[in-house]
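A short worksheet on the structure shown next.
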Amino acid sequence: MKALVLFSGGVDSTTCLGLAVKKYGNENVTALSVFYGQKHDKEIEASKKIAEYYQVEHLYLDLTKIFQYSDCSLLSHSDRDIPMESYAEQLDETGGAPVSTYVPFRNGLFLSSAASIAISKECSVIYYGAHSDDAAGNAYPDCSDEFNEAMNRAIYLGSGKQLTIEAPFVSCTKADVVRMGLEMDVPYELTWSCYEGGDEPCGRCGTCRDRAQAFALNGIKDPALG
């Protein structure tokens with residue numbers, strides 16, 4: 001069997017990549033990184049180093065134009081500031097609607113595009129790193145278990161029953177993901193999660209806060225902070 005991993009270069013997708021390599025062997029794993037018009041390319045840079053670390057085939061896809069009409073604060077054409085608050089605080093402000101860093105139907109588009117590539121590369125499974133913390137409170141609805149089940153069904157049927165989706169962390173917290181990754185010696189020091197594109201993670205955006213907490217709950221400092 002061959003696997004394609006949706007791979008951003010962050011904690012969750014890197015853990016997914018480590019899991020796939022462990023299960024299928026690096027010669028049977030393809031990592032797919034997607035550029036979608038982010039304000040920086042730090043995650044893409046990280047993904048290159050991690051793919052080299054695991055010695056897997058690494059593909060790139062540019063979906064920037066699809067998101068040109070979105071005002072998501074992560075996108076380079078948006079003049080909205082990236083929130084420097086926890087996701088819980090952001091959800092209080094949105095009244096339970098998706099947060100401003102939600103890229104419209106991003107995972108749906110990523111998975112659909114990945115399905116086409118996976119079939120062409122003779123892969124039978126797509127891995128992606130959605131987890132329950134991201135889905136909590138509807139912050140990122142395309143990370144939920146219900147979304148995963150629906151997309152898995154659609155891709156399975158639409159591929160002629162050749163292809164399925166694996167979201168191994170969909171019922172896990174980010175701390176659970178980190179715990180699994182630490183057990184597999186995932187190179188978290190190479191990863192990048194921060195929504196800002198500085199030399200160092202900002203430590204204040206929602207994803208930096210979640211990441212720091214996940215490592216703290218495992219009793220260690222974030223390896224990417226040196």
Side-chain angles (χ1 to χ4, degrees), residues 4-14 16-17 30-41 43-44 47 59-83 87-88 90-91 93-120 123 125-159 163-172 174 177 193-195 205-207 210:
L4 184 143
V5 181
L6 272 177
F7 180 51
S8 71
V11 163
D12 311 314
S13 68
T14 301
C16 248
L17 183 60
T30 297
L32 175 65
S33 297
V34 183
F35 189 75
Y36 54 93
Q38 304 97 308
K39 288 180 175 175
H40 64 80
D41 59 0
E43 277 191 330
I44 297 294
S47 73
L59 306 179
Y60 299 90
L61 183 64
D62 189 344
L63 295 180
T64 302
K65 286 192 176 297
I66 293 179
F67 300 106
Q68 64 184 302
Y69 307 107
S70 169
D71 195 29
C72 168
S73 59
L74 291 188
L75 302 176
S76 60
H77 62 261
S78 174
D79 57 6
R80 300 173 72 186
D81 292 330
I82 293 172
Y87 290 127
Q90 292 178 53
L91 284 165
E93 294 175 7
T94 65
V99 296
S100 79
T101 49
Y102 166 69
V103 184
F105 205 62
R106 183 180 72 173
N107 281 348
L109 288 162
F110 284 12
L111 287 166
S112 298
S113 302
S116 178
I117 294 171
I119 293 167
S120 301
C123 297
V125 63
I126 298 170
Y127 274 71
Y128 79 115
H131 59 80
S132 63
D133 284 352
D134 276 348
N138 208 40
Y140 296 105
D142 56 353
C143 290
S144 68
D145 194 29
E146 293 85 356
F147 172 83
N148 177 63
E149 289 175 2
M151 287 299 295
N152 189 26
R153 179 71 174 160
I155 285 174
Y156 180 64
L157 293 175
S159 66
L163 185 63
T164 59
I165 296 172
E166 280 284 341
F169 314 134
V170 75
S171 299
C172 302
K174 199 175 190 78
V177 175
S193 303
C194 181
Y195 287 148
C205 67
T207 190
D210 267 17

- Message: We want to know whether S13 and S8 form a side-chain donor-acceptor pair, criterion being a heavy-atom distance below 3.5 angstrom.
- Response: yes
- Message: Working note: T14 + F7, criterion side-chain contact (heavy atoms from CB on, under 4.5 Å); need CA distance, chi angles, decisive distance, verdict.
- Response: CA-CA 7 Å; T14 301; F7 180 51; 3.4 Å; yes
- Note: T207 and S193 closest approach over all heavy atoms is CG2-O, 3.0 Å
- Item | Distance in Å, E146 CD paired with M151 CE, rounded so as to fall on 0.5 Å steps | 14.5 Å
- Minimal non-hydrogen separation, S78 against C72, with atom names: CB-O, 3.1 Å
- Message: So, taking the atom named CG in L111 and the one named CG in N148, what distance separates them when rounded to the nearest 0.5 Å?
- Response: 8.0 Å
- In Å and rounded to the nearest 0.5 Å, what is the OG1 to CD1 distance from T30 to I126? 11.5 Å
- Message: What's the separation between atom CZ in F35 and atom OG in S76, rounded to the nearest 0.5 Å?
- Response: 6.5 Å
- For S171, the side-chain contact (heavy atoms from CB on, under 4.5 Å) test, sequence neighbours excluded, returns none
- Message: Using every non-hydrogen atom in the two residues, find where G37 and T64 come nearest and quote the distance to one decimal.
- Response: N-OG1, 3.4 Å
Review item, side-chain donor-acceptor pairs of residues 152-159, under 3.5 Å, at least two apart:
from	atom 1	to	atom 2	distance (Å)
N152	OD1	I165	N	2.8
S159	OG	I155	O	2.8
S159	OG	Y156	O	3.1
S159	OG	Q162	N	3.2
S159	OG	L163	N	3.1

- Query: Side chain of H40, backbone of C194: donor and acceptor closer than 3.5 Å?
  - Reply: yes
- May I have all residue pairs that pass side-chain hydrogen bond (donor to acceptor under 3.5 Å, both in side chains) and include part of residues 95-115, sequence neighbours excluded? Y36-R106, S73-S100, T101-Y140
- Are the side chain of D133 and the backbone N or O of K174 linked by a donor-acceptor pair below 3.5 Å? yes
- Query: Do you know which two heavy atoms are closest between A130 and C143, and how far apart they sit?
  - Reply: CB-O, 3.7 Å
- How many angstroms lie between atom CZ of F110 and atom CG of L63, to the nearest 0.5 angstrom? 6.0 Å
- Item | Side-chain heavy atoms of P83 within contact of V99, under 4.5 Å | no
- Nearest heavy-atom contact between D142 and G108 is OD2-N, 4.4 Å
- Query: What distance do S144 atom OG and E149 atom CD have between them, rounded to the nearest 0.5 Å?
  - Reply: 8.5 Å
- Item | Close aromatic pair by centroid cut-off 6.0 Å: F169 and Y127 | no
- Task: Work out which heavy atom in P141 is nearest to a heavy atom in F147; give both atom names and the distance.
- Result: O-CB, 3.7 Å
